[in-house]
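Encoded as structure tokens, the structure appears first; notes follow it.
When reading the values below, keep in mind they use all heavy atoms of this one structure, side chains included, and skip hydrogens, waters and symmetry mates. Predicted model, so just to flag it, every value in this text is computed and none were measured. One-based numbering, in listed order, for ligands and for the atoms of each.
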Amino acid sequence: DVDFSDPWAVADRAARAVCDRLGIDRADIGLVLGSGWSAGADRLGEPLGAVPLADLPGFSAPVVAGHGGELRAVRTSSGRTAVVLTGRTHLYEGRGVEPVVHGVRTLARLGATTMVLTNGCGGLRREWGPGTVVAIRDHINLSGATPLRGATFIDMSTTWTPRLLDRVHDVDPDLPTGVYAQFHGPQYETPAEVRMAGVLGADLVGMSTVLEAVAARQAGMDLLGLSLVTNHAAGISPEPLDHQEVLAAGQAAAPRLAELLSRLIVAL
Ligand code: R1P
């Protein structure tokens with residue numbers, strides 16, 4: 001395993017490896033594609049190349065079914081370079097918090113100033129059925145972790161960049177916004193935990209995204225978050241939760257998600 005005692009040094013090494021392997025010299029936009037979103041990588045623009053995540057310093061192959069295992073570079077129709085991670089590392093994998101945010105830090109070192117984080121999640125609102133896409137307006141960190149060390153006091157009052165939310169609404173004026181709460185996982189939430197999250201102001205529950213958002217803010221990046229509601233959260237739905245259901249909702253929504261991302265990437 002890589003030594004993350006200096007996480008930015010590992011990010012520098014990974015960024016150099018990306019440039020060497022893909023023949024690019026920088027990135028403008030970074031994207032992380034979560035559960036349900038990986039098909040979106042195909043419609044973002046002209047492919048510039050791909051490399052298995054496991055080949056890059058500090059990265060490893062995704063363990064979650066439905067996540068892709070590549071870093072891809074794409075030239076968008078507006079002439080910008082987007083670098084896409086088709087999978088992510090989760091806190092519950094037990095490798096610590098540094099690998100969870102390593103993708104965001106690598107993108108920051110590549111020069112990306114805009115980060116798009118996507119995920120599949122449980123929904124607390126009955127009116128948001130499986131397949132609903134929700135733009136993240138704010139978040140709650142229930143993971144018990146942070147990627148920051150020491151007295152690193154960063155402002156989180158506009159973590160999810162309002163200007164980027166406006167751009168999303170230019171593309172789809174009807175897209176709802178919500179508050180995402182990150183649990184540690186990997187067990188799904190209990191009905192009582194979901195009720196707690198709702199009382200605290202959450203609309204969405206999942207096991208990713210928030211720690212990456214903290215790292216992106218530390219790096220000064222603008223941030224957009226998109227959640228695919230794959231199921232109603234525990235207690236909202238009477239059905240037991242199952243990752244197969246998450247995968248099926250993602251597959252069903254894939255063409256719509258790809259269309260949304262392809263329009264967004266030029267609007268950002
Ligand atoms: C659970 O079904 C898995 O899907 C979601 C949850 O966080 C969890 O890993 O994955 P993403 O958040 O990476 O989309």
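Here H67 and H90 bring their ring centres to under 6.0 angstrom of each other. Aromatic ring centroids of F59 and H102 lie under 6.0 Å apart.
Of all atoms in ligand 1, numbered sequentially from 1 with element shown, those under 4.0 Å from a heavy atom of G120 are 5 (C), 12 (O), 14 (O). Shown in contact with S35 at under 4.0 Å from a heavy atom are these atoms of ligand 1, numbered in order with element: 4 (O), 5 (C), 10 (O), 11 (P), 14 (O). Annotation for ligand 1: atoms under 4.0 Å from non-hydrogen atoms of N119 are 12 (O), 14 (O). The distance from ligand 1 to the heavy atoms of M207 drops below 4.0 Å at these ligand atoms: 7 (O), 8 (C).
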**OP:** Please lay out, stage by stage, how S35 and T118 fare under the test side chain to side chain contact (heavy atoms under 4.5 Å, CB included).
**Re:** CA-CA 8 Å; S35 296; T118 66; over 6 Å; no
Subject >> Chi angles and distances behind the side chain to side chain donor-acceptor pair (under 3.5 Å) call for D222, T114 >> reply: CA-CA 5 Å; D222 288 341; T114 300; 4.8 Å; no
**OP:** Begin with the C-alpha distance, continue with both residues' side-chain angles, and end with the deciding distance and a verdict on side chain to side chain contact (heavy atoms under 4.5 Å, CB included) for R80 and V266.
**Re:** CA-CA 9 Å; R80 292 191 295 169; V266 287; over 6 Å; no
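In V246, the part holding a heavy atom less than 4.0 Å from any atom of ligand 1 is the side chain. At a 4.0 Å heavy-atom cut-off, ligand 1 does not touch W37 at all.
For the pair S143/F183, no side-chain contact is recorded, criterion being any heavy-atom separation below 4.5 Å from C-beta on. Looking at R263 and V171, their side chains come closer than 4.5 Å, going by heavy atoms from C-beta outward.
Considering backbone and side-chain atoms alike, G34 places every N or O at 3.5 Å or more from each N or O of ligand 1. Considering backbone and side-chain atoms alike, Y180 places every N or O at 3.5 Å or more from each N or O of ligand 1. Annotation: T118 places no N or O atom under 3.5 Å from an N or O atom of ligand 1; distance criterion only. Considering both main-chain and side-chain atoms, G206 never comes within under 3.5 Å of ligand 1 through any nitrogen or oxygen pair.
The single protein non-hydrogen atom nearest to atom 1 (C) of ligand 1 is Y188 OH, 3.4 Å, given as residue, atom name and distance. For atom 13 (O) of ligand 1, the nearest non-hydrogen atom of the protein is H90 NE2, 2.7 Å. Of the protein's non-hydrogen atoms, S208 OG, 2.6 Å is the one closest to atom 12 (O) of ligand 1. The protein atom (non-hydrogen) at minimum distance from atom 9 (O) of ligand 1 is Y92 OH, 2.7 Å.
A salt bridge does not link D12 with R105: every distance from a Lys NZ or Arg NE/NH1/NH2 to an Asp or Glu carboxylate oxygen is 4.0 Å or more.
Ligand 1 has no atom lying under 4.0 Å from any heavy atom of G185.
A donor-acceptor pair under 3.5 Å is absent between the side-chain atoms of D138 and the main chain of V179, judged by distance alone.
Shown here for V32 and E212, the closest heavy-atom pair between the two residues is CG1-OE1, 3.8 Å.
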